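Quantities reported herein were computed from a predicted structural model and do not represent experimental measurements.
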Amino acid sequence: MAAETKLKGLPRKLVIDGILEEEAAINALKASLKEKVSFTNYLVSNNILSATKIAMEASKEFGLPVFDLNAIDPESIPRDIVDDKLIKKHHALPLYKRGQRLYIGISDPTNLAAIDDIKFQTGVNTEAVLVEEDKLSRMVEKLLEEQEAAMDEMMGNDLEDLDDLDFTDPNAEQKEEDTSSDVDDTPVVRFINKILLDAIKKGASDIHFEPYEKVYRVRLRIDGVLREVAKPPVAMSPKLSARIKVMSRMDTAEKRVPQDGRIKLKISKNKAIDFRVNTCPTLFGEKIVLRILDPSSASLGIDALGYEADQKELYLSALANPYGMILVTGPTGSGKTVSLYTGLNILNTVDTNISTAEDPVEINLEGINQVNVNEKVGLTFESALRAFLRQDPDIIMVGEIRDLQTAEIAIKAAQTGHMVMSTLHTNDAPLTLARLVNMGVPPFNIASAVSLIIAQRLARRLCNNCKEKIDIPRPALEEEGFTTEQIDEKPDLYRAVGCDQCSDGYKGRVGIYQVMPVSDEIGRIIMNNGTAIDVADQAQKEGIANLRQSAIKKVIAGLTSLEEINRVTKD
C-alpha cells in the first residue's frame with residue numbers, strides 16, 4: 001500500500017476498486033506525464049481501460065453524471081470563448097454557456113487546473129461536465145483541425161518564408177519572440193504574416209480586422225477603396241487580436257479601452273515598413289486597424305505627386321520663402337502627410353533646423369527633429385510649439401491645427417521669421433481661411449501669416465493596360481464642368497475596365513490639388529470679413545483652379561476617369 005499512497009484522485013480510485021493494478025496505474029501516470037497527455041487519455045489510447053469504464057468509475061467517485069458527447073451538435077460549441085492552447089493543454093472542451101456560467105467537458109474530474117485556467121482566461125464561472133475520453137479526444141481533435149484547416153485554406157499555398165519575417169519594435173530593444181510566448185498559435189501567426197505581406201504587395205494603405213457576431217472579416221484599403229480579402233472563423237477573433245497586440249507591444253489583457261501601438265517589418269536589408277496600429281473595443285471584440293507607413297513614399301519627389309506645372313511652381317515658391325505659413329487641407333487619407341513630408345525633404349539641409357510635432361509621427365525622417373504628441377502627459381501641439389520656439393528653429397511642422405491656442409502660436413511663429421507647415425480638415429482652400437476665422441484667429445493675423453493653402457484629394461489612376469476609350473456627348477461634358485475650349489479640343493477620355501494587372505481598372509493613385517496663394521486681394525477680403533465664397537470667387541479671377549477643375553484636367557490627360565473624379569470631388 002505504500003506505493004498506492006502516492007496515487008490520488010482518479011488513479012487511486014481505480015486501484016482501490018481493483019479495476020487497475022497499482023503498478024500499472026503508477027506506470028501509466030508516469031508515462032502520461034512524460035508524453036504530456038492526460039491520465040485518462042493514456043489509458044484509453046493504449047487500450048488499458050475503456051473510456052466508458054473510466055467514465056463510470058469517475059462518476060461513482062465524484063458524484064457527476066456522464067454526458068454523452070454524441071448528443072451535442074458540434075456547431076453549437078462556443079468556439080470563441082476558450083483559447084485553443086488551453087483546450088489542447090488540458091484536454092478540455094467548452095460545451096455550452098448559460099449566462100455567466102461555462103460548462104467544460106473533461107474526462108478526468110480531478111483536473112482542477114483546467115477549470116482554474118479556463119475560468120481565469122474567460123472571466124466567467126466554470127463547471128466541469130464528465131465525458132468519455134474517446135469521444136472527447138475525437139471532438140477536440142476535430143475542432144482544432146477544422147480551425148487550422150480554415151486558416152490554411154485562406155492562406156492558400158503561398159506560405160514560404162512566412163515564419164521568418166523580421167518584426168522589430170522601433171521603440172524597444174526587446175525582441176518580439178520574448179513577448180509572444182502566450183500567443184504562439186502557428187496558424188494565426190502565419191495568417192497575420194500573410195495578410196501583412198499581401199497588403200504591402202498590393203499597395204494597401206490600411207488593414208482592417210473586424211469582428212462581428214457571426215462573421216469576422218479582413219479588409220484592405222487599396223487605392224482608397226476597402227476590399228474584403230479574408231473571412232477567418234469568428235472563433236479566431238480573440239487569437240488574431242492577441243497576436244497583433246503582442247506584435248505592436250500593447251497590453252493583451254486590456255480589452256476595454258482603445259490602444260495604440262506600432263509594428264516594424266523588415267522586408268529586406270535596406271527596406272522596412274512601419275505599421276501604425278489602433279484597437280477599438282466593439283460589441284463583438286476588438287476592431288484593429290493597421291495604417292501602413294512606407295518611408296519611401298516621403299521621398300518620392302514633388303514630380304511624382306501629380307501637381308500641375310503651375311501648382312508645383314507655387315508650392316516650391318512658398319517653400320523658398322524664409323517665413324510664412326503653408327497649410328495643407330483635405331479629408332483623412334487624402335495624402336496631406338506625404339505632401340508635407342515632400343516639402344520638408346526639399347527643405348531638409350544641413351544648415352536648417354527643422355522640428356515637427358505630430359500625433360503620431362508617421363514616417364521617420366533623418367535630419368528632422370520629430371516629436372510625438374502625448375496629451376496624457378501634457379505634451380500637446382501647443383506645448384511642443386512653445387518648446388520649438390525656444391530652440392532656434394528655421395522650419396516648424398505641426399501635424400494638425402486643432403484649436404485656437406495652437407493656431408495662435410503657429411501664426412505668431414510664421415510672423416516672426418519662421419516657416420510653419422501644418423494641416424487642417426476642410427473641404428477646399430477658401431474654407432480653410434474661414435475655418436481659422438471661426439477658430440477665433442484675428443483676420444489680420446491670417447492675412448499676414450498664411451502664404452499658401454493646398455487642398456487635395458487622391459483619385460485612382462486608370463490602368464494603362466486595360467483602360468478603354470469612350471465617347472461622351474457634349475451636353476454631358478458641359479454638365480460635368482468641362483469648359484467650351486476643353487470640349488472643342490476633343491480630348492481622349494477613358495473608362496475603367498479591369499484586368500489581371502489592376503483592381504477594377506485602376507492601379508495606383510494620382511493627386512488632385514487646389515494650390516491657392518494668399519494674394520494681397522485675398523488678404524483684403526479676409527480682413528474685411530469676407531466669406532469663403534468671396535475668397536473662392538477672387539481665386540477664380542486670379543486663375544487658381546479649384547479641385548473640380550484640377551480633376552477635369554486629370555481626366556483630359558487620361559490619368560483617371562470621370563466616374564472616379566465624381567467620387568472624390570464635387571462641383
Side-chain angles (χ1 to χ4, degrees), residues 154 192 194-212 215-232 244 273-278 280 282 287-294 296-297 300 304-306 328-339 362 423 425 427-428 455-468 470 480 493-514 547-548 550-555 557-571:
M154 285 183 298
I192 294 291
K194 185 177 188 301
I195 290 292
L196 298 187
L197 282 179
D198 283 351
I200 294 169
K201 290 175 183 176
K202 293 177 180 179
S205 60
D206 304 271
I207 310 172
H208 294 245
F209 292 86
E210 301 170 311
Y212 298 96
V215 297
Y216 189 101
R217 69 178 177 184
V218 181
R219 294 190 291 173
L220 302 182
R221 189 178 292 278
I222 302 171
D223 295 334
V225 178
L226 282 169
R227 304 177 188 280
E228 186 177 288
V229 295
K231 294 186 76 172
I244 296 171
I273 302 291
D274 286 335
F275 297 84
R276 192 180 78 198
V277 188
N278 177 265
C280 182
T282 66
K287 174 176 179 179
I288 302 179
V289 177
L290 284 73
R291 169 67 62 88
I292 302 173
L293 310 172
D294 186 355
S296 62
S297 64
L300 290 173
L305 300 185
V328 181
T329 183
T332 301
S334 60
K336 299 188 299 294
T337 300
V338 172
S339 283
E362 293 193 1
T423 69
H425 285 284
N427 287 330
D428 61 13
Q456 65 181 77
R457 301 289 188 276
L458 287 177
R460 290 180 293 172
R461 189 186 292 264
L462 281 167
C463 172
N464 288 324
N465 184 59
C466 65
K467 67 181 182 180
E468 182 177 272
I470 56 169
E480 292 289 351
L493 305 181
Y494 299 88
R495 72 178 182 91
V497 178
C499 66
D500 58 0
Q501 297 182 25
C502 64
S503 297
D504 299 332
Y506 298 97
K507 188 175 183 180
R509 289 193 284 181
V510 62
I512 296 172
Y513 303 92
Q514 177 185 24
L547 283 167
R548 181 68 180 184
S550 294
I552 288 173
K553 290 180 181 179
K554 295 294 189 293
V555 174
L559 296 175
T560 190
S561 66
L562 199 54
E563 292 82 4
E564 180 63 8
I565 69 164
N566 285 336
R567 185 180 70 87
V568 299
T569 67
K570 61 181 181 179
D571 293 330

Please report the interatomic distance [atom1]([X]) to [atom2]([Y]), rounded to the nearest 0.5 Å.
| X | Y | atom1 | atom2 | value |
| --- | --- | --- | --- | --- |
| I288 | H208 | CD1 | NE2 | 12.0 Å |
| T569 | N427 | OG1 | CG | 11.5 Å |
| R219 | I207 | CZ | CD1 | 13.0 Å |

Practice task
Show your reasoning for whether side-chain contact (heavy atoms from CB on, under 4.5 Å) applies to I565 and I552.
Solution key: CA-CA 8 Å; I565 69 164; I552 288 173; 4.1 Å; yes

Practice task
Quick one: do Y212 and R217 satisfy side-chain contact (heavy atoms from CB on, under 4.5 Å)? Show the steps, please.
Solution key: CA-CA 8 Å; Y212 298 96; R217 69 178 177 184; 3.2 Å; yes

Flag side-chain contact, heavy atom, 4.5 Å: [X] against [Y]:
| X | Y | value |
| --- | --- | --- |
| T560 | Y494 | no |
| L493 | L562 | no |
| L305 | Y513 | yes |
| N278 | K287 | no |
| V229 | K202 | yes |
| P232 | V218 | yes |

Taking all non-hydrogen atoms of both residues, which atom of [X] and which atom of [Y] are closest, and how far apart?
| X | Y | value |
| --- | --- | --- |
| V510 | G306 | CG2-CA, 4.2 Å |
| P331 | K336 | O-NZ, 3.1 Å |
| A455 | L547 | O-CD2, 3.6 Å |
| I222 | A204 | CG1-CB, 4.0 Å |
| S550 | I512 | CB-CG2, 3.9 Å |
| G505 | C466 | CA-SG, 4.1 Å |

Practice task
Give a yes or no on whether the backbone of V497 and the side-chain of K467 come within a donor-acceptor separation of less than 3.5 Å.
Solution key: no

Exercise for the section: Give a yes or no on this: more than 12 heavy atoms of other residues, nucleotides or ligands lie within 6.0 Å of atom NZ of K507. Expected result: no

Problem - Residue pair R460, V225: steps toward the side-chain contact (heavy atoms from CB on, under 4.5 Å) verdict - result: CA-CA 9 Å; R460 290 180 293 172; V225 178; 3.8 Å; yes

Practice task
Could you verify whether a donor N or O on one side chain and an acceptor N or O on the other, from R457 and S334, lie under 3.5 Å apart?
Solution key: no

Problem - S561 and Y506: side chain donor to acceptor below 3.5 Å - result: yes

Problem - Derivation and outcome, side-chain contact (heavy atoms from CB on, under 4.5 Å), residues Q456 and T329 - result: CA-CA 7 Å; Q456 65 181 77; T329 183; over 6 Å; no

Practice task
Keeping to residues at least two apart or across chains, list the side-chain hydrogen bond (donor to acceptor under 3.5 Å, both in side chains) pairs with something in residues 220-230.
Solution key: R227-D504

Pair [X] + [Y]: basic N to acidic O under 4.0 Å:
| X | Y | value |
| --- | --- | --- |
| R461 | E564 | no |
| D198 | K194 | yes |
| R495 | E563 | no |

Exercise for the section: Using the side-chain contact (heavy atoms from CB on, under 4.5 Å) rule, pick out the option among I273, I244, I292, L290 that qualifies with L196. Expected result: L290

